[in-house]
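What you see below is based on every heavy atom in this structure, not just the backbone, and it leaves out hydrogens, waters and symmetry mates. So you know, we letter chains A, B, ... as the sequences are listed, proteins then strands, and number each from 1.
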Number of protein chains: 2
Amino acid sequence: MSQHRHPGAPGRAGAVPALPDLPEATVARLPEYLRALHNLAETGHETVSSEGLASAAGVNSAKLRKDLSHLGSYGTRGVGYDIALLVDQIESVLGLTQCRSVALVGVGNLGHALAGYDGFASRGFRIAALLDADPSRVGEEINGLVVRHIDELPRVAVEEAIAIGVIATPAPAAQAVADQLVAVGVTSILNFAPCVLSVPEGVDVRKVDLAIELQILSFHEHRKASLTALPAAGGSALTALPGGLAVTDTQEAIGT
Amino acid sequence: MSQHRHPGAPGRAGAVPALPDLPEATVARLPEYLRALHNLAETGHETVSSEGLASAAGVNSAKLRKDLSHLGSYGTRGVGYDIALLVDQIESVLGLTQCRSVALVGVGNLGHALAGYDGFASRGFRIAALLDADPSRVGEEINGLVVRHIDELPRVAVEEAIAIGVIATPAPAAQAVADQLVAVGVTSILNFAPCVLSVPEGVDVRKVDLAIELQILSFHEHRKASLTALPAAGGSALTALPGGLAVTDTQEAIGT
DNA sequence: AGGCGCTTGTGAAGACGTGCACAAATCGCG
DNA sequence: CGCGATTTGTGCACGTCTTCACAAGCGCCT
Ligand SMILES: NC(=O)c1ccc[n+]([C@@H]2O[C@H](COP(=O)([O-])OP(=O)(O)OC[C@H]3O[C@@H](n4cnc5c(N)ncnc54)[C@H](O)[C@@H]3O)[C@@H](O)[C@H]2O)c1
Ligand SMILES: NC(=O)c1ccc[n+]([C@@H]2O[C@H](COP(=O)([O-])OP(=O)(O)OC[C@H]3O[C@@H](n4cnc5c(N)ncnc54)[C@H](O)[C@@H]3O)[C@@H](O)[C@H]2O)c1
């Protein structure tokens with residue numbers, strides 16, 4: 001997203017602070033590694049092998065090693081990775097050393113749940129502002145934060161040093177809210193409304209859409225049903241490995 | 001996931017119901033096309049060009065055409081795609097012609113929001129059961145549905161023909177819930193708990209993790225900050241196209 | 001009927017991501 | 001001190017996804 005870099009241009013000649021330039025797929029997996037590492041640290045481990053961390057994070061161990069190798073060499077051959085060191089390193093790369101302030105716009109059904117969620121604080125984020133357009137919601141206090149009117153966004157953004165905006169309004173309002181966020185300098189948006197947002201170059205948008213996830217599941221469910229309905233077609237492949245365990249992956253790509 | 005099809009085997013000789021075998025990346029985008037098509041239909045359009053639909057869905061038009069070409073040729077050259085026909089076709093491929101029943105496990109903070117969400121029904125899903133382990137929550141009525149105890153899952157699964165399970169419990173309980181869902185025959189799970197689930201082959205798991213999304217945004221925010229702090233490094237590439245609009249994409253990875 | 005403009009469908013090339021397999025490195029122990 | 005067990009880091013080959021570019025097809029207008 002927001003890519004440039006002339007196709008033929010030499011990356012960068014004078015090697016400055018490195019600018020990791022990680023593959024996007026790797027970036028998407030780092031948070032998962034981080035979570036697994038925190039789990040391991042809490043259960044008393046000090047080091048972990050690529051195999052161990054990979055299975056805790058649900059990925060292939062070769063992939064994990066390659067991902068980590070992009071950050072530099074922080075493992076010890078024959079031993080594994082120092083958990084504390086790796087946590088620091090990943091947090092540093094992800095920019096989690098500083099706590100980032102989040103503004104949540106749209107304090108309805110979903111917004112309430114997000115506002116009351118304590119899983120953000122423990123991962124380096126602080127919900128710093130709740131905003132809504134409905135006057136009857138303004139003034140309500142949730143989890144120690146008072147809902148303010150969306151028109152106050154410019155002031156709030158400066159006062160609270162907002163870095164990330166979360167949109168939890170109905171879809172028709174989402175584009176307008178995004179525009180307002182961009183106008184006050186927010187360059188990262190997480191959008192829960194089922195619609196695409198147009199934003200200027202340099203602004204990152206990530207979308208979470210439940211219905212899409214369900215529909216993808218529906219497709220596979222549908223396909224599985226068609227397959228079992230035609231047992232003659234695929235041969236015996238289906239019945240192989242009936243007890244094998246597998247961890248299926250996600251969006252990735254999907255990230256997807 | 002759970003792929004087969006012998007590499008050298010001739011696709012299919014006797015053309016049965018086709019078994020499209022779509023690329024996963026395409027499957028992940030179809031729901032987005034579907035949403036865009038519904039929007040277009042509501043605003044009175046009857047046909048749409050690949051360019052028009054692509055921009056409504058936030059993707060490249062060549063990618064859209066290739067995606068749709070996998071379903072067959074449902075466009076008319078020189079004209080575009082018939083919206084109603086395409087909607088039917090995509091819904092059929094995604095298996096949305098039948099309404100699928102969803103069981104929601106964990107009716108806490110997030111579960112309440114999901115239970116009260118009407119965006120599922122309009123997309124081919126029905127929340128058919130609410131389940132929780134906390135006795136004080138059992139019996140509560142939300143949106144016309146009564147919360148039942150998780151121990152009733154086996155009976156509920158049969159009575160309501162549950163096709164998809166949604167896990168909205170704390171992470172430590174998620175694996176046990178997944179096991180229970182699998183035990184009653186559920187083969188598609190949407191997991192909101194921040195943990196990896198182990199499931200038997202043939203069961204699909206998709207995960208939604210807010211903190212991961214925020215951390216990915218944090219990374220890009222961090223990178224943008226480092227770049228502007230070193231304005232001499234990249235030359236003038238950054239200031240090019242200052243007014244251009246772009247629609248950034250999502251998880252992709254995941255598809256990704 | 002014929003030509004013209006528009007749009008689809010797809011071949012080909014390149015970018016990207018994945019996973020195997022193995023050399024290099026490290027530790028512990030005799 | 002040397003050796004074997006272990007585990008990382010990575011070269012390489014393969015598969016998937018994306019994007020360009022263009023021929024083929026369609027409808028409309030004259
Ligand atoms: N509830 C869920 O579980 C759920 C699940 C998936 C997606 N979503 C999506 O999340 C969004 C919010 O869902 P919800 O159920 O919370 O809806 P909701 O109607 O309960 O809440 C929306 C809130 O946004 C506020 N709002 C409207 N326009 C605004 C504006 N211009 N500026 C600021 N605030 C504004 C409203 O006052 C309201 O408080 C929707 O787009 C929905 O599709 C919700
Ligand atoms: N609240 C949010 O906005 C949010 C956001 C992102 C992720 N999540 C994740 O979603 C999950 C739920 O979050 P929450 O805020 O709703 O938590 P919560 O504590 O409010 O609700 C959890 C519910 O699950 C029930 N439960 C616990 N064990 C169970 C079991 N074995 N079987 C059935 N039910 C069981 C509890 O009784 C409770 O009602 C958590 O994993 C959380 O990390 C929540």
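Rounding to whole angstrom units, NZ of residue A/Lys63 and P of C/dC20 are separated by 10 Å. Rounded to an integer number of Å, the gap from CZ of A/Arg29 to C1' of C/dG19 is 12 Å. Put simply, CG on B/Asp82 is 13 Å from P on D/dG27, counting in whole angstrom units. Summarising the geometry, the separation between CG on A/Leu22 and P on C/dT18 is reported as 14 Å, rounded to the nearest angstrom. Between the P atom of D/dT19 and the CG atom of B/Leu64 lies a distance of 12 Å, rounded to the nearest Å. The nearest whole Å value for the distance from the CG atom in A/Asn60 to the P atom in D/dT7 is 16 Å.
A/Asp209 and B/Arg123 are joined by a salt bridge, as a carboxylate oxygen and a charged side-chain nitrogen come within less than 4.0 angstrom of each other. Salt-bridge check for B/Lys207 with A/Glu32: passed, with a basic side-chain N closer than 4.0 Å to an acidic carboxylate O.
Within the 3.5 Å criterion, the main-chain N or O of A/Leu94 finds a donor-acceptor partner in the side chain of B/Ser218.
Counted by atom type alone, A/Glu91 and A/Thr97 present zero donor-acceptor pairs between their side chains at under 3.5 Å.
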Hey, can you pull the donor-acceptor pairs under 3.5 Å for the side chains in residues 82-89 of chain B, sequence neighbours left out?
| unit_1 | atom_1 | unit_2 | atom_2 | d |
| --- | --- | --- | --- | --- |
| B/Asp82 | OD1 | B/Ala84 | N | 3.1 |
| B/Asp82 | OD1 | B/Leu85 | N | 2.9 |
| B/Gln89 | OE1 | B/Tyr74 | OH | 3.3 |
| B/Gln89 | NE2 | B/Tyr74 | OH | 3.4 |

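Considering all non-hydrogen atoms of both residues, A/Gly165 and A/Val186 come closest at N-CG1, 3.7 Å.
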Nucleotide by nucleotide, nucleotides 8-16 of chain D touches protein heavy atoms under 4.0 Å in the pattern (B base, S sugar-phosphate only, - none) BBBBB----
